[in-house]
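Computed from a predicted structure; not experimentally measured.
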Amino acid sequence: SAWTGFYGTLLPVLNCWLMFFLYPNGVKRGDMSSMVFGWVDFFVFVLLTFALGFATNAKMYALSWQAYFSMCFLNPFDTTVFSRGAADVQLQAAETGALMG
């Protein structure tokens with residue numbers, strides 16, 4: 001249903017805002033703390049997605065968006081624009097586009 005697609009997209013967007021609020025530039029070369037955070041965040045998100053028993057459609061949306069956001073966060077050469085949290089929502093940012101369709 002549309003609801004499962006919406007919350008399956010909203011959850012990774014909220015997590016993306018958290019990631020880029022804590023580490024505004026994502027992972028940069030030689031920054032081990034942001035890399036460890038990025039990997040732990042991704043695996044915790046995946047485990048919670050399965051453990052909380054979301055609908056299959058929501059899992060598919062949530063995991064695909066989170067994989068994309070995490071890959072961008074973990075790539076030190078990525079230039080994708082992301083908002084830096086809920087107080088800094090940018091309409092041209094990648095996660096905002098996912099949420100707005």
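For T4, the side-chain contact (heavy atoms from CB on, under 4.5 Å) partners at least two apart in sequence or on another chain are S1, Y7, A55, N57, A58. Every side-chain contact (heavy atoms from CB on, under 4.5 Å) that S83 has, sequence neighbours left out, goes to W17, V89, Q90, A93, E95, T96. Applying the side-chain contact (heavy atoms from CB on, under 4.5 Å) test to D78 and every residue at least two apart in sequence or in another chain returns C72, N75, T80, F82.
Side-chain atoms of S64 come within 3.5 Å of backbone N or O of Y61 as a donor-acceptor pair.
A side chain to side chain contact (heavy atoms under 4.5 Å, CB included) with V44 is found for exactly one of L47, V40, V46, namely V40. For the ring pair (Phe, Tyr, Trp, His ring centres under 6.0 Å) criterion with F37, the lone passing option out of F21, Y23, F43, F20 is Y23.
The shortest heavy-atom contact between R84 and N25 is NH2-OD1, 3.8 Å. F54 and T49 make their closest contact through CD1-O, 3.5 Å (heavy atoms, listed as atom of the first residue, atom of the second, distance).
The cluster map of Ile, Leu, Val, Met, Phe, Trp and Tyr, joined by side-chain heavy atoms under 4.5 Å apart, puts M60 and M71 in different clusters. If you chain together hydrophobic residues whose side chains sit under 4.5 Å apart, F77 and M32 never meet in one group. Tracing side-chain contacts under 4.5 Å through hydrophobic residues (I, L, V, M, F, W, Y), one never reaches V13 starting from V81; they form parts of separate clusters. By the rule that hydrophobic residues join a cluster once side-chain heavy atoms approach within less than 4.5 Å of another member, L18 and L14 end up as members of one cluster.
Interatomic distance, CG of L52 versus NZ of K59, reported as 10.0 Å (0.5 Å rounding). Atom CG of N15 is separated from atom OG of S70 by 7.0 Å, given to the nearest 0.5 angstrom. The OH atom of Y68 lies 14.5 Å from the CZ atom of F73; values are rounded to the nearest 0.5 Å. A distance of 9.5 Å separates CG in D41 from SG in C16, rounded to the nearest 0.5 Å.
Residue F45 qualifies as enclosed at atom CZ: its count of foreign heavy atoms under 6.0 Å is above 12.
Within the 4.5 Å cutoff, the side chain of L11 has no heavy atoms near those of the Q66 side chain.
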